[in-house]
2 protein chains.
Amino acid sequence: MVERDLFQPSTADIRLSDVLAAFADPVRLEVVRLIDGLGAGEDGDGTPCSQYGDMLGIHKSTVSHHLKVLREAGVTRTRVQGRNRLVQLRRADLDVRFPGLVDVVLNAAAEADAKAGAEAAAAS
Amino acid sequence: MVERDLFQPSTADIRLSDVLAAFADPVRLEVVRLIDGLGAGEDGDGTPCSQYGDMLGIHKSTVSHHLKVLREAGVTRTRVQGRNRLVQLRRADLDVRFPGLVDVVLNAAAEADAKAGAEAAAAS
DNA sequence: CGCATTGTTTGACAGTCATCAAACCGAATC
DNA sequence: GATTCGGTTTGATGACTGTCAAACAATGCG
């Protein structure tokens, strides 16, 4: 079984504006949260990205586009394994470069989510 | 002397994607850093935003546009005082909504800046 | 009042972006 | 070898963005 990595910027070359732009799109932020959620607690065998499209209700080519943006921004690493792509967050690398950023953004996203959920519940 | 505030979203209405998008533009991030730097340690009398254009070498209408984006994203507050606009960071509000975000981003920007400066020095 | 100052608004322009659909491609499976 | 499966690439489309320039608006000053 062939296994290789798709190109990604080296840690030193990750640019803040690219990372922020990558996080700025709501769909992409959801993708990141999914990657983070699914990647954690696993044995390293991530979920194939085909799932993301189904979960978010977007076309597979759109998912592919977003994953490319994330990877080229330095947010994710993509391993090619057979015909699947296993995507992981580059947490450690990002933390070296921009300490705390990923945590803060993911927490903020989670909180915004909780708030939206609470409002929806209150409205029903 | 007339003094009033321009419209801005209430703290609860600040959206993460808007804030991240606001920070994602390099020029705008520089503006934010200038606002943060100039706003601190002053008696409340901020620098009129005309200065930002000169410092960054961009047209005054472009500055106006960026300040509008920042204000509408909830990142800044703008007081109209005479014919000047005094702009401040809404640090406290942002920290309530997205704890740590502003600090992390500004630190990351400062670090990226220092790195770029060091590289430039090494290259010379 | 007339004029200068400060900033906003509008219009134009070029570039980018998110999205889908369809074609394509490499790897696994039959 | 043909087919299927997971994903990428290309093309098209509509929306948005950053920038400047010029016109406009509002305020303070002589």
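The sequence lines fix the lettering, A, B, ..., with proteins before strands; numbering per chain opens at 1.
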Value in whole Å for how far the C1' atom of D/dG6 lies from CG of A/Asn84: 6 Å
Is A/Val27 touching bases, backbone alone, or none of the nucleic acid, heavy atoms closer than 4.0 Å? sugar-phosphate
What's the closest nucleotide to the side chain of B/Ser64 if the choices are C/dA28, D/dG18, C/dT9? C/dT9
Atom pairs, protein N/O to nucleotides 11-14 of chain D N/O, distance under 3.5 Å:
none

Check the distance between C/dG7's P and B/Ile58's CD1 and give it to me in whole angstrom. 13 Å
Roughly, in whole Å, what's the span from CZ in B/Arg83 to C1' in D/dA26? 10 Å
So do the side chains of A/Val27 and A/Val32 get within less than 4.5 Å of each other, counting heavy atoms only? no
Which residues in residues 66-73 of chain B have at least one heavy atom lying under 4.0 Å from any atom of DNA chain D? B/His66
Out of C/dT6, D/dG7, C/dT19, which nucleotide sits closest to the side chain of A/Arg85? D/dG7
N/O contacts under 3.5 Å, protein versus nucleotides 21-25 of chain C?
residue : atom : partner : partner atom : Å
C/dA21  : N6   : A/Ser61 : OG           : 3.2

Kindly calculate the angle separating the two end axes of the helix from C/dC1-D/dG30 to C/dC30-D/dG1, each obtained from five base pairs, and round it to 10 degrees. 10°
Return all side-chain donor-acceptor pairs below 3.5 angstrom for residues 60-73 of chain B, not counting sequence neighbours, or 'none' if the list is empty.
residue : atom : partner : partner atom : Å
B/Ser61 : OG   : B/His59 : ND1          : 3.0
B/His66 : ND1  : B/Arg28 : NH1          : 3.4
B/Arg71 : NH1  : B/Phe7  : O            : 2.5

Would you tell me if any nitrogen or oxygen in the side chain of B/Arg28 comes within less than 4.0 Å of OP1 or OP2 on D/dG18? yes
Who passes salt bridge (Lys or Arg N to Asp or Glu O under 4.0 Å) against B/Asp103, sequence neighbours left out? B/Arg91
